[in-house]
Enquirer: 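Before anything else, here's the structure in question.
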Amino acid sequence: MSRATKAGAIRAILVFALLLALPFVFTDHWIVNIAFFGLMFAVLAVAWNLIGGYAGYIWLGSIAFFGLGAYALAITFQHVPLTSGYLPFFALIPIGIAIGIVSIPLALLLLRVRAATFAVVSLAVLFVAEIFAFNLDGLTGGPQGLGMALPPFVVTTFERPFYLAMLVLLAAVMFCSWYLAKSKFGLMLFAIKGDEDRARGLGVRTTTVKVIAFALCCGFTGMAGGLWAYYITWIYPQFAMDPNTMFAIILMTYLGGKGTLWGPVLGAFLLAPAKEYFAYTLGGSAFYLIAYAALFLLVMFFLPRGVVPTVADFLARHRRRAAVLASGPRPAGEQVA
Amino acid sequence: MHLLIYGCILGILLGGVYGLMASGLALVWGIMRVLNIAQAVCVILGSYLAFTAFTVLHVDPMLAVLPISVVMFVFGVGIYYAFLRPIRRDRESLSILVTYAIAIGIEGALGLIYTTSLQHTGTSYATQSFEVGGFQIPTVELYAFLISVAILGLLALMLQRTRLGRALRAATQNPTAARLLGVDIDRVSAVGFGIGISTAAAAGAVYGMIYSFNPNSHYDLIGILLAIVVLGGFGSMRGAIVAALILGVIASVVFIYWPLWANLSFFGVVVVVLLFRPQGLWGVPNWATQ
Amino acid sequence: MSTVLSIRGLIAGYGWGDILHGVDLDVEVGSITCIIGPNGAGKSTLLKTISGLLAARSGDIMFEGRSIVGCTPTSVLSLGIGHVPQDRSLFPLMSVWDNLLMGGYILKDQALVRRRADEVAEMFPIVKERRHERAGALSGGQQKAVEIARSLMLQPKVVLMDELSMGLDPKSRHLAFDTVVRLNRAGRTVLMVEQNARAGLAIADHGAVMEAGTVKLEGSGKSLLDDQEVARLYLGRIDGSALSEGSTA
Amino acid sequence: MRSHRFAWAIIGILAVAGSACSSSSTSTTGSKSPVVVGISLSLTGDFSDSGKTEQQGYQLWQSVQNAKGGMLGRQIQLKIVDDASSPDTAVSNYQNLITRDKVDLVFGPFSTLLTAPSALVAARYGYAFPDPADGAPKTLNEHLQNFFLMQPAGPLDTGLTWTRYILSLPADQRPKSVAYISLDDPFLVPAVALDRTAFTAAGIKNVYDNIYPTENVQMTPLVAAIAAAQPDMVVAGTMEADSFDMVKAMVTEKFNPKYLFFMNGASDSANFPTNVGKQNIEGIFSALGWYPEEKTPGNAEFVAEYIKKYGGDASQISADTAEAYTIGQVITEVVEKVGAIDNAKIIQQLHSSYWPSIQGSLAWDADGKPVGTLLLVEWIGGKLEVVYPATDATHAPVVPKPNWP
């Protein structure tokens with residue numbers, strides 16, 4: 001157990017060290033820009049995985065909280081002077097916490113229904129949020145959008161602060177995800193996914209557990225949204241709360257491996273840069289949507305568990321076979337050691 | 001007051017068409033626990049088929065409804081065997097994602113064939129109307145309503161009176177017992193999905209005479225259809241039809257006075273009803289899963 | 001008497017585990033055979049395996065001399081085995097009459113289905129009286145009657161009845177058992193599973209006690225009722241509660 | 001076994017980064033190297049139709065100009081990439097174009113919604129950002145020095161040509177009452193507001209005023225409500241499909257306002273008659289920045305080359321295509337005058353004087369808002385005619401609008 005934890009810690013440190021080094025090694029704007037979107041989707045997918053992967057609820061409204069975070073930050077800095085370019089990064093913390101708290105009553109309401117009903121009702125949450133964003137002109141600017149104060153960073157390393165802030169956010173959400181999966185709490189979530197009624201029968205306080213996962217998901221998604229708004233500087237309802245982004249996050253989670261720690265991160269880093277990159281290089285292939293649909297279906301049918309569990313299984317089998325082969329001479333070897 | 005009544009009339013006319021679209025969604029859910037996100041894009045597909053029949057073959061969309069239904073039935077059966085039958089595990093949740101992928105795939109294909117320009121099936125009577133008691137009744141919307149009612153009537157008759165209809169209803173209400181009585185759930189599901197898709201396309205054929213549409217139009221529609229099905233109670237066709245009429249009237253009336261908030265009123269009604277009746281207005285008791 | 005249904009070494013189950021661990025059982029033509037035993041003994045699983053809802057993993061089920069292992073529910077049904085399942089198996093929103101018609105689903109000839117329905121309705125007055133009502137609106141006992149009536153639509157040689165008396169009040173229960181006896185007199189072989197062991201064995205020609213996936217004891221209904229050991233273990237005054245302890249072993 | 005998982009994650013990252021690096025050396029440099037123009041267009045997604053018509057305009061300019069020897073004696077090369085109608089991708093694309101491919105010039109995308117974030121990226125790197133499509137008022141409020149809306153008039157001025165025409169009528173011929181209806185859109189709502197201010201000041205009674213959403217629009221009840229207010233004039237802030245549906249609903253409702261003005265949609269000569277029916281277009285007003293017969297510098301050449309390259313006839317040329325072509329035309333002039341590809345000087349030049357184009361002479365204020373006006377057009381005899389201002393008019397206005405057939 002402790003050995004596994006140690007290996008996990010080393011792995012995490014290595015990955016984050018590499019990610020931390022990236023903007024200093026590859027200083028090209030476009031690389032850091034694409035990596036920023038990769039990180040953003042990783043945060044979104046890991047956050048979604050808390051409720052969608054661990055607890056098995058197809059939560060289609062999370063992108064509404066992305067938009068909520070975006071608007072919260074943008075509206076805040078309509079009223080607060082931008083004394084320092086780094087101020088909005090710190091403002092994200094209270095915004096994330098506030099969104100998490102706001103999401104709790106909604107969670108209590110929504111989580112009364114399950115499975116497909118939950119999915120539909122959560123999609124309705126997204127639509128309703130979008131309608132509000134459009135119609136509350138005074139607050140959100142409505143369809144005219146809302147501009148952020150321009151980030152006063154130097155042009156040569158303009159993207160770097162955003163990248164690093166998103167990396168910190170990823171570390172935080174990964175830590176939560178890891179901690180939840182390791183703790184009793186994670187067990188409870190898995191129990192809910194397996195059979196919620198039985199879990200409740202066994203004394204799992206299913207509602208509490210679900211609501212906490214839900215609030216964490218919403219809080220982190222909102223923080224990512226705020227950071228996105230600051231980076232993109234101009235937000236419109238249809239982009240801040242885009243159903244297609246929602247499904248892209250889910251696809252990333254499934255591709256990497258839902259319910260796993262690293263799966264959503266991997267899925268995001270495979271798909272998000274690929275999307276930007278192919279849109280750029282293939283320039284307007286009309287087959288974009290069809291290719292996307294085909295990819296979606298391929299993942300669903302041929303990699304339903306995702307890359308991480310599939311590869312892990314493959315490696316485990318491989319290692320077991322190796323162990324069987326090696327089992328003969330091992331006692332002798334141990335004696336020598 | 002005059003406007004209010006007029007709003008109700010228009011709401012009922014439109015609600016009938018939505019009822020036809022949503023009843024297929026409810027039927028499919030009832031039989032196989034699949035939430036077909038692609039239902040709306042099939043409506044648009046039906047609109048395009050009718051549009052093509054009208055502009056190329058000069059066939060009136062009202063007449064095209066029948067061949068379109070047949071073609072789309074076959075299409076639906078094909079979709080079922082290709083994409084839905086293979087989902088064994090976690091069908092309720094996975095089917096949402098799979099049918100979403102199907103939806104954007106069809107959207108992409110429509111974009112390739114027809115481009116994303118707005119189209120409209122402009123029949124000679126597209127802008128005609130006649131007056132009844134001081135109300136201008138749009139001819140197209142009345143025809144669309146009547147066609148929808150006729151198809152729904154035929155569907156109801158089929159469900160009530162035929163062997164296949166009994167099997168469909170049986171599979172919805174108690175799949176295990178239906179299997180014990182010799183119902184091949186797989187085949188019934190395929191047929192049910194085919195019917196669901198063909199009703200969507202039939203509704204689409206008439207929808208295309210009322211509204212301009214392009215391949216993206218299904219995003220707006222699916223929200224409405226899902227709201228209707230949730231309000232009516234999952235899996236209940238009767239519920240879907242009644243909910244479609246209720247929501248049609250509410251949306252039309254709100255539209256007259258506060259157009260911006262019509263969509264919200266739509267979802268608002270759904271949320272309020274769900275608070276008090278989580279199973280919707282006519283939730284089908286499914287004894288096998290209780 | 002000859003054997004109509006003969007089960008040998010039957011192993012079946014769900015998912016990873018087996019529930020039936022080698023069941024042997026013979027059902028005589030024209031008899032009422034009653035299976036009793038604690039919860040989880042595999043009684044319902046046995047019936048489901050016979051009717052093809054569950055695939056047998058090993059062993060054989062012979063019906064009138066031919067193996068029906070691997071048959072679909074539809075073909076088992078058409079061979080002449082009807083199944084009245086344990087849980088409510090009516091279609092609640094369909095009329096009583098439509099429920100009855102569903103019993104003849106596998107028959108292509110609709111005229112024949114209607115004729116059979118009329119015949120069955122003659123035997124079950126409740127079906128006739130309430131033919132237009134929704135099945136879901138009937139009381140538990142009435143629903144059971146409709147279920148039994150429905151199972152007769154195909155004129156099965158063998159009727160499998162799972163927990164006929166479950167959830168019924170004493171009067172309905174009495175009525176239900178009466179119906180079974182009537183069916184049997186009319187020539188149907190009945191294989192029933194009964195939690196209410198005493199009442200079940202009382203009307204049975206032959207009884208079998210199942211425990212932990214095998215048949216432990218067999219004998220005539222009367223001999224089992226009189227057996228001290230059986231009485232102590234399985235015929236406790238309160239159905240089930242005392243029994244489940246013994247069954248976990 | 002677990003420790004291998006992260007290896008996969010890293011391989012994934014490296015694979016993407018590596019493949020990105022490997023193809024980054026596509027742009028070549030040399031003494032007679034082409035002038036590379038980077039453009040992100042919505043070739044897929046919601047805005048793709050307009051994106052494609054713009055692409056036609058850019059490509060037409062490229063071939064016409066290259067045939068004339070290009071720009072500064074260098075051939076023009078377009079690097080057009082797809083933004084799939086998404087702002088994230090649009091921002092990434094302009095980043096890539098400017099910092100990775102180091103293009104010489106950038107031209108704007110289609111949608112207003114993508115313009116603001118994209119223009120900010122260009123501003124960061126000091127690139128001029130000529131934009132073909134509607135600049136929303138809020139984009140202009142950013143006061144970006146490098147932004148230029150390549151249209152004759154500002155986005156809010158769509159309705160002003162109509163206001164000017166109506167107010168030019170003798171008081172007794174003016175409509176007495178007006179209904180305002182607008183799509184909930186970044187520039188239509190404020191554009192309608194400008195009309196309202198002008199008409200209210202002129203004493204025209206406001207009998208109906210409402211905004212409708214962009215989706216699930218039921219035109220029949222909406223039009224019934226407008227009709228119930230019995231206005232003489234309807235000012236409709238429409239986009240495209242909604243104008244078609246609104247006309248149809250008006251015909252169905254047998255609602256005949258004397259003056260009917262649509263901001264957009266009704267000026268689309270290719271799609272408007274087919275969508276609402278040729279019999280239902282007579283007497284409808286709209287506004288235009290450009291029309292095929294316009295006698296402006298290079299317009300005849302543009303129309304002729306368009307038909308040569310894409311076929312069809314002049315009425316099928318979209319205004320979007322003309323706007324995109326305009327950008328090429330104006331920037332060529334500016335670059336030739338500056339004598340070098342120098343974005344700072346291009347920006348300065350654009351601000352300093354009037355520039356001739358197929359859309360007439362263009363000039364901008366400090367925020368990049370054009371200072372000209374649009375033309376008022378009306379469907380007369382099944383044809384779109386310019387009716388106001390009188391100096392450009394091809395036909396006298398026909399009022400009041402004849403009743404629906």
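Residue numbers begin at 1 in each chain, while the letters A, B, ... track the order of the sequences.
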Enquirer: Working to the nearest 0.5 angstrom, can you tell me the gap between D:L114 CG and D:T89 OG1?
Expert: 9.0 Å
Enquirer: Quick one: do the D:N256 and D:W404 side chains pair a donor with an acceptor below 3.5 Å?
Expert: yes
Enquirer: Select one option (side chain, backbone, both, neither) describing which atoms of D:Y208 are under 4.5 Å from chain B's heavy atoms.
Expert: side chain
Enquirer: If you take all heavy atoms of B:M72 and B:A201, which pair is closest and at what distance?
Expert: CG-CB, 3.3 Å
Enquirer: When heavy-atom pairs shorter than 4.5 Å are enumerated against chain D, which of B:G122, B:A262, B:S252 gives the highest number?
Expert: B:S252
Enquirer: Non-hydrogen atoms of chain D under 4.5 Å away: do they reach the side chain of B:F213, the backbone, both or neither?
Expert: neither
Enquirer: Under 4.5 Å heavy-atom distance to chain B, tell me which part of D:Y212 shows up: side chain, backbone, both or neither.
Expert: both
Enquirer: Regarding D:S86 and D:D88, is there a side-chain donor-to-acceptor distance under 3.5 Å anywhere?
Expert: no
Enquirer: Please classify the contact between B:L260 and chain D as side chain, backbone, both or neither, with a heavy-atom cut-off of under 4.5 Å.
Expert: both
Enquirer: Have D:Y306 and D:Q316 got a donor and an acceptor in their side chains that come within less than 3.5 Å?
Expert: no
Enquirer: Quick one: what part of D:N280 sits under 4.5 Å from any heavy atom of chain B, side chain, backbone, both or neither?
Expert: side chain
Enquirer: Is B:Q119 in contact with chain D via its backbone, its side chain, both, or neither, using a 4.5 Å heavy-atom distance?
Expert: backbone
Enquirer: Side chain from CB out, backbone as N, CA, C, O: work out which of these in D:N275 comes under 4.5 Å of a heavy atom of chain B, or both, or neither.
Expert: both
Enquirer: Which bit of B:L14 comes within less than 4.5 Å of chain D, counting heavy atoms only: side chain, backbone, both or neither?
Expert: side chain
Enquirer: Would you mind checking which part of D:A228 comes under 4.5 Å of any heavy atom in chain B, side chain (CB onward), backbone (N, CA, C, O), both or neither?
Expert: side chain
Enquirer: Would you mind telling me which of D:A227, D:A249, D:G277, D:A224 has the largest number of heavy-atom pairs within less than 4.5 Å of chain B?
Expert: D:A224
Enquirer: Please classify the contact of B:L10 with chain D as side chain, backbone, both or neither, using a heavy-atom distance under 4.5 Å.
Expert: side chain
Enquirer: How are the rings of B:F135 and B:H2 set relative to one another: parallel (under 30°), tilted (30 to 60°) or perpendicular (over 60°)?
Expert: parallel
Enquirer: Ignoring hydrogens and geometry beyond distance, is a side-chain donor-acceptor pair present between D:T274 and D:N271 at under 3.5 Å?
Expert: no
Enquirer: Would you kindly say whether D:S269 and D:Y291 are connected by a side-chain donor-acceptor distance under 3.5 Å?
Expert: no
Enquirer: Pair D:V192, D:M263 - check side chain to side chain contact (heavy atoms under 4.5 Å, CB included), show working.
Expert: CA-CA 9 Å; D:V192 171; D:M263 291 201 172; 3.7 Å; yes
Enquirer: Between chain B and each of D:M219, D:E240, D:K248, D:M250, count heavy-atom pairs under 4.5 Å; write down the option with the most.
Expert: D:K248
